[in-house]
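A short worksheet on the structure shown next.
Every chain is numbered from 1 and lettered A, B, ... according to where its sequence line falls, protein lines coming before strand lines.
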2 protein chains.
Amino acid sequence: MPDIKHFDPDRALERAERLFWRHGAATTSIQAVTAETGLNRSSLYATFGDKRELHLAALRRHVRLRSAPVCAALAADPRGLPAVREFFAGLVDARCEGEYARWGCMLVNAYAGEEAADPEVRAVLDGHHRSLRDAFRAVLETARDQGQLAPGVVPGDGAEVLVLLAYGVNVRSRAGAGAGELHRTVAAALAGLASGSR
Amino acid sequence: MPDIKHFDPDRALERAERLFWRHGAATTSIQAVTAETGLNRSSLYATFGDKRELHLAALRRHVRLRSAPVCAALAADPRGLPAVREFFAGLVDARCEGEYARWGCMLVNAYAGEEAADPEVRAVLDGHHRSLRDAFRAVLETARDQGQLAPGVVPGDGAEVLVLLAYGVNVRSRAGAGAGELHRTVAAALAGLASGSR
DNA sequence: TTCATCCTGAAACGGTCGTTCCAAGTTCCG
DNA sequence: CGGAACTTGGAACGACCGTTTCAGGATGAA
């Protein structure tokens, strides 16, 4: 083993992930990545390959470290509908306040970009879509078994609806929609799922 | 009046609109616009100004000629819920089949792009959001007056939910989601609005 | 017809893009 | 200590970016 890397690859990837997240793949230049990470072009290319591979690695890191844990926690939550409400409350807050306010969701942003034509990008997006949908379905099945669900609500279909709702929240939050407005809208959408609500 | 334009500005703008719609603002070059429209840089700049202004004009044309008429027809539809179902059926078909399949919605794409930080772009997006929401609210009020609405559904809140649902459909359709899947999901979402559904 | 006015075509601007290359430096193994 | 293996810094590549400029052609008014 002759020489060792002088930097932490995952730390650099996390910086790149943030750039791609906030500005998008097309408008994030390699130069911007080198400036943000502190390392130079050679190290970047030697470690991650070209820009497309770097973006893919950033997308996959995002799914692995940010999206997947949330999906797993959601799927394993035994509370039923309250878990769904908590998920959306956290989503709205994360999108409207704090460090990542108005960044939207990195994956939803990728849907709308030119990069969505890339089969490997699409595979990441599809994988995340399935994860989130399956998590919602599990929670809705739990809710149904506990009698929380309004009659007529099918967990599989309801889960797809909730995923689209989450996409909508992510889209709308990027244009500066207020947290209060989104909380209210989400509450109205979820009210239709609960038994005894009407 | 010395000389007259040798081309139809709106025809050129429509070509540019399609490029921005399909590929996004960042990845559509002026060169691509000149190639698509057939006119050269000078005429382009003299007519529309720089790239930002061209993109804004394309966005506004999109709202004026494609989005606004649909919103107006929706708002004026006297049928209530069937109008909502027809809107979404048409949306899903337009996004999944035909000439514009998998292009998504130009406005939703703009939400996710870097251009959403531009105040003028954001004004266009907000205007469209309000138009669509108001149209949905009008239709839901009609539905309520005709007894079609499930008790507990507030037209104002339901309208916001439907807009987010539409955003979700637009996002998901760009990654190749099937029309059948989206039709089914939309149907499940709308079922919760109808009276006697549960 | 003359002329002022506008449009068109094409070349060119500086800047930035993603990517490659290579010399110099650093590290571990024997 | 010698040298192979690998990283690093930095220059350089051609291509493309958005934009400007200008000469020359076309047009309508007087």
Side-chain angles (χ1 to χ4, degrees), chain A residues 1-59 109-110 113-121, chain B residues 1-59 109-110 113-121:
Chain A
M1 199 70 64
D3 197 358
I4 208 78
K5 275 186 188 352
H6 300 181
F7 64 95
D8 178 357
D10 187 68
R11 191 178 186 84
L13 187 56
E14 194 250 348
R15 299 284 197 162
E17 175 197 347
R18 287 178 178 228
L19 285 178
F20 285 129
W21 183 359
R22 179 143 63 139
H23 302 291
T27 40
T28 299
S29 66
I30 292 292
Q31 181 166 302
V33 175
T34 59
E36 180 74 17
T37 59
L39 39 98
N40 62 15
R41 296 172 149 79
S42 301
S43 305
L44 203 65
Y45 275 86
T47 306
F48 301 105
D50 63 13
K51 184 182 177 180
R52 176 176 166 274
E53 294 174 282
L54 175 62
H55 177 236
L56 269 168
L59 267 183
N109 295 349
E114 179 94 320
E115 64 264 31
D118 186 322
E120 298 202 47
V121 170
Chain B
M1 202 68 62
D3 196 358
I4 207 80
K5 274 187 189 352
H6 299 182
F7 64 96
D8 178 356
D10 187 69
R11 190 178 186 84
L13 187 56
E14 194 249 347
R15 298 286 197 162
E17 175 196 347
R18 288 178 177 229
L19 285 178
F20 285 130
W21 185 359
R22 179 142 65 136
H23 302 292
T27 40
T28 299
S29 67
I30 293 292
Q31 181 167 301
V33 175
T34 60
E36 180 74 18
T37 59
L39 40 99
N40 59 19
R41 294 171 150 81
S42 301
S43 305
L44 203 65
Y45 275 86
T47 307
F48 300 105
D50 64 13
K51 185 183 178 181
R52 177 176 167 274
E53 294 175 283
L54 174 62
H55 177 236
L56 269 169
L59 267 183
N109 296 348
E114 179 93 323
E115 64 264 31
D118 187 321
E120 298 201 45
V121 169

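- At whole-Å resolution of the value, CG in L39(A) and P in dT7(D) are 13 Å apart.
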Polar pairs (N or O, both sides) under 3.5 Å between protein and nucleotides 19-21 of chain D?
| residue | atom | partner | partner atom | Å |
| --- | --- | --- | --- | --- |
| dT19(D) | OP2 | Y45(B) | OH | 2.9 |
| dT19(D) | OP2 | K51(B) | N | 2.9 |
| dT19(D) | O5' | Y45(B) | OH | 3.4 |
| dT19(D) | O4 | R41(B) | NE | 2.5 |
| dT21(D) | O4 | S42(B) | OG | 3.2 |

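- Look at NZ on K5(A): it is 16 Å from C1' on dC28(C), rounded to the nearest Å.
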Enumerate, atom names and distances included, each donor-acceptor pair closer than 3.5 Å involving a side-chain atom of residues 19-26 of chain B, sequence neighbours excluded.
| residue | atom | partner | partner atom | Å |
| --- | --- | --- | --- | --- |
| W21(B) | NE1 | G104(B) | O | 2.8 |
| H23(B) | ND1 | E114(A) | OE1 | 3.2 |
| H23(B) | ND1 | E114(A) | OE2 | 3.2 |

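- Note: D8(B) CG to L13(B) CG = 10.0 Å, rounded to the nearest 0.5 Å.
- In this view, T47(B) and K5(B), F7(B), P9(B) satisfy the side chain to side chain contact (heavy atoms under 4.5 Å, CB included) rule, not counting sequence neighbours.
- In this structure S43(A) satisfies the side chain to side chain donor-acceptor pair (under 3.5 Å) test together with N40(A), sequence neighbours excluded.
- Of the side-chain N and O atoms in S43(A), none sit less than 4.0 angstrom from OP1 or OP2 of dT7(D).
- Taken residue by residue, residues 6-26 of chain A places heavy atoms nearer than 4.0 Å to DNA chain D at H6(A), F7(A).
- Counting any heavy atom pair closer than 4.0 Å across all strands shown, T28(A) reaches sugar-phosphate atoms only and no base atom.
- Every residue two or more places apart in sequence or in another chain was checked for a side chain to side chain donor-acceptor pair (under 3.5 Å) with D50(B), and none qualifies.
- A salt bridge (charged side-chain N to carboxylate O under 4.0 Å, His left out) check over residues 11-20 of chain A, counting only residues at least two apart or in different chains, returns the pairs E14(A)-R18(A), E14(A)-R66(A), R15(A)-E36(A), E17(A)-R61(A), E17(A)-R66(A), R18(A)-E99(A).
- Counting to the nearest Å, the P atom of dG18(D) and the CG atom of N40(B) are 16 Å from each other.
- Scored by the salt bridge (charged side-chain N to carboxylate O under 4.0 Å, His left out) test, E53(B) finds no partners at all (sequence neighbours excluded).
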Listed pairs, N/O of protein and of nucleotides 23-25 of chain C, under 3.5 Å:
| residue | atom | partner | partner atom | Å |
| --- | --- | --- | --- | --- |
| dG25(C) | N2 | D3(A) | OD2 | 3.4 |

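- Applying the salt bridge (charged side-chain N to carboxylate O under 4.0 Å, His left out) criterion to R52(B), with sequence neighbours excluded, gives D118(B), E120(B).
- Taking atom CD of Q31(B) as the reference point, atom C1' of dA10(C) lies 13 Å away to the nearest angstrom.
- Residue T37(B) holds its OG1 atom at 8.5 Å from CZ of F48(B), rounded to the nearest 0.5 Å.
- Under the rule for a side chain to side chain donor-acceptor pair (under 3.5 Å), Q31(A) has no partner lying at least two apart in sequence or in another chain.
- Legend: residues meeting side chain to side chain donor-acceptor pair (under 3.5 Å) with T27(A), ordered by chain and number and at least two apart, are absent.
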